[in-house]
S.K.: 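Okay, here's the structure, questions in a sec.
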Amino acid sequence: MRTRGFNIWEWCIERIIQIAGILGIILVILIFLFLLQNALPIFAERPIGDLLTGDTWSPTHGEGKFGMLPLILGSLYVTVGALLIAVPLGLAGAIFIAEVAPRRAREILKPAVELLAAIPSVVFGFLGLLLIGPWLADVLDLPIGQFAALGSLMLAFMALPTIVSICEDALHSVPRTIVNSSLALGATRWQTITRALLPAARSGVIAACLLGMGRAIGETMAVLMVTGNAPVMAEGLKGFLRPVRTMTATIAAEMGETAFRTPHYFALFAIGLLLFTITFAINTIADIIVRRGERDVA
Amino acid sequence: MADQDDFLTRALRARPSGRTAGGPGAQADHSVNIETRDLRIFYGDLEAIRGVDVEIRNREITALIGPSGCGKSTFLRALNRMNDEIPDARTEGEVLLDGRDIYEPDTDLVALRRRVGMVFQHPNPFPMSIYNNVVYGPRLQARLRRDEADEIVENSLRGAALWDEVKDDLHRSALDLSGGQQQRLCIARTLAVGPEVLLMDEPCSALDPTATFRIEELMIELKERFAIAIVTHNMYQASRVSDRTGFFLLGELIEFDVTRRIFEDPQDERTDAYVRGRFG
């Protein structure tokens, strides 16, 4: 291709871009290896089954108990609760912005929702801890203003911009002719949204929810502040109104106080490894769904 | 001709479909299914259609031709009020469907669009199965029993000359079909709601010649049952399939006549210049 001979400047630029591209992948792999290396010793000491399904997280008692199930359940409760709040709200918001709101309102609304993502999570933590938590405890007659559902609420606020923004993009990228065909077949606006638009945008909508979920499961600061920090097994529906502790909050709360290269230390890394695996899986699934959707629309 | 149309219009109205065809003002000219009177359409301040009077007759194909931007598609969309979807579009004048103005405030848009179906420029099946594409329209109105739905699907696909090609895998994604098949599916989807008038907005412009030929054959078959209006850029297409042709220029209807006269003996020199390919 090159007819003008070797150009050192071109060569440098190409290499720099190449390195930048590869660096991202290398970093992910290095982080994974680092997690693996620091987590492996605990697997040598305790059976992996006991770690994952043990119901007691009590790292500083005697030899220490490192059952992660309460923490996994804590993350699950908080995340599922967050999705239950954020998905319907986010979907409704995206539909409103994409289909119902007048054009000018759309131009203001979308950046406004995306601005929510700029609020630091510690601010949400404060909001929940000092304002919403005590108020909800009062209204719901709870003994303490720090519980799983409060974390869900805060996470829902944080996942909302992701969900609204990506959903809206997905709805917006559905060809107008799909909407027009539906209307021309005698569908009402609502029928068009539910039967033609959402199915056509479904891959984007699902991906948006998964990415929102990835954001929620990995979020630390706000949940650490509002969920009460009690590594107890959440049970049934009532679990939502009891204090819990998530995987992320456990790492954040305990890493600073644990001795270097003790079982406790390794166990915390094992939690990190588990988290990494979960979010990696969620993001990969979201990616696959988005790609499949692109193929469908084209 | 007039007698035949009269018969057909009555037959259409007598169909037990529960729609509100006719009505008090419907005694006008039965040979006409859609008629516009001094139709004007504005986009903001721009007058895109400037007082157009056209009759689109039953059992005929009416072609609307003209250079890009002349307003023919805008005009077509006025006939089932699809322009309502464009935020700053405004319509004046009358569009009479069986003698009733569809722009009256009490018009039921859903019923109107079921009576006046539309096929769009690009084949745009919904991203679902062939079967579900066809029953999409009927299912908006009522729950269908399995056998009812099956019947609608078969009849509509037969009507759109697609049945033989797809009958063995109706549950395949419509997006796997070829462009020409997709467009016939879109026609089938429109037929499934039982329209009286078919509007087609450049239905072949995205298709290859073979697929175009099949759609044209299909149109000629379909005109036995409907009034058809087609917007086209392709003058050969207009001359091949249509019975009457209207020539639009800058939002005005310059000439409207029997197709042969438009192409062989146009009365207006601008029409003459256009059909001879001197501009556009």
Side-chain angles (χ1 to χ4, degrees), chain A residues 94-110 167-208 288-298, chain B residues 19 76-77 79-88 108-129 132-142 156 173-176 182-183 185-195 197-201 206:
Chain A
I95 290 171
F96 179 75
I97 292 174
E99 282 301 310
V100 185
R103 212 183 315 164
R104 205 167 302 155
R106 188 176 309 168
E107 281 158 18
I108 299 169
L109 270 171
K110 202 173 177 213
C167 270
E168 205 272 341
D169 287 342
L171 294 175
H172 204 81
S173 68
V174 172
R176 260 352 259 179
T177 54
I178 295 271
V179 173
N180 284 336
S181 304
S182 172
L183 292 170
L185 287 169
T188 62
R189 183 150 290 279
W190 177 241
Q191 285 174 325
T192 297
I193 289 170
T194 54
R195 301 191 192 199
L197 189 64
L198 281 179
R202 64 179 178 265
S203 61
V205 169
I206 293 169
I288 291 170
I289 292 173
V290 170
R291 272 161 210 252
R292 192 177 299 161
E294 277 166 6
R295 205 186 55 211
D296 274 1
V297 172
Chain B
R19 63 167 84 92
L76 196 74
R77 284 200 307 271
L79 303 183
N80 67 346
R81 291 188 58 174
M82 283 306 283
N83 284 331
D84 288 19
E85 301 306 316
I86 300 168
D88 48 354
D108 178 354
L109 267 188
V110 167
L112 168 70
R113 288 172 179 164
R114 293 169 67 75
R115 294 181 65 192
V116 184
M118 188 163 213
V119 176
F120 294 82
Q121 181 171 1
H122 293 280
N124 55 354
F126 300 122
M128 46 182 90
S129 69
N132 283 335
N133 261 279
V134 179
V135 292
Y136 182 90
R139 274 194 180 145
L140 294 169
Q141 308 305 322
S156 307
S173 167
L175 301 174
D176 293 340
Q182 288 190 5
Q183 193 62 305
L185 176 62
C186 291
I187 293 171
R189 181 172 76 180
T190 309
L191 297 182
V193 295
V197 182
L198 266 186
L199 309 177
M200 303 176 118
D201 189 356

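Each chain gets a letter, A, B and so on, in the order the sequences are listed, and its residues count up from 1.
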S.K.: Could you measure the distance from the CG atom of B:Asp201 to the OG1 atom of A:Thr177? Nearest 0.5 Å is fine.
M.R.: 11.5 Å

S.K.: At their closest point, which heavy atom of A:Gln191 faces which heavy atom of B:Tyr136, and how far apart are they?
M.R.: O-OH, 3.9 Å

S.K.: Please flag which part of B:Arg139 lies under 4.5 Å from any non-hydrogen atom of chain A: side chain, backbone, both or neither.
M.R.: both

S.K.: Please report the interatomic distance OG1(A:Thr192) to CD(B:Glu85), rounded to the nearest 0.5 Å.
M.R.: 8.0 Å

S.K.: Counting only heavy atoms closer than 4.5 Å, note whether B:Pro125 contacts chain A via side chain, backbone, both or neither.
M.R.: backbone

S.K.: Who among B:Asn80, B:Val110, B:Leu140, B:Asp176 has the most heavy-atom pairs with chain A under 4.5 Å?
M.R.: B:Leu140

S.K.: Between B:Pro127 and A:Ile178, is any pair of side-chain heavy atoms under 4.5 Å apart?
M.R.: yes

S.K.: May I ask you to list the residues in residues 94-108 of chain A that approach chain B closer than 4.5 angstrom, counting heavy atoms only, ordered by number?
M.R.: A:Arg103

S.K.: For B:Arg81, is it the side chain, the backbone, both or neither that has a heavy atom under 4.5 Å from a heavy atom of chain A?
M.R.: neither

S.K.: Among A:Pro199, A:Ala184, A:Ala187, A:Ala196, single out the residue with the greatest number of heavy-atom pairs under 4.5 Å to chain B.
M.R.: A:Ala184

S.K.: Less than 4.5 Å to any heavy atom of chain B: does that hold for the side chain of A:Arg189, its backbone, both, or neither?
M.R.: side chain

S.K.: Under a 4.5 Å cutoff for heavy-atom pairs, which residue among B:Met128, B:Met118, B:Arg189 has the most contacts with chain A?
M.R.: B:Arg189

S.K.: With rounding to the nearest 0.5 angstrom, report the CE to CG distance, B:Met82 to A:Asn180.
M.R.: 4.0 Å

S.K.: Which answer fits B:Phe120, side chain, backbone, both or neither, if we ask what part of it has an atom under 4.5 Å from a heavy atom of chain A?
M.R.: side chain

S.K.: Select one option (side chain, backbone, both, neither) describing which atoms of B:Asn124 are under 4.5 Å from chain A's heavy atoms.
M.R.: both

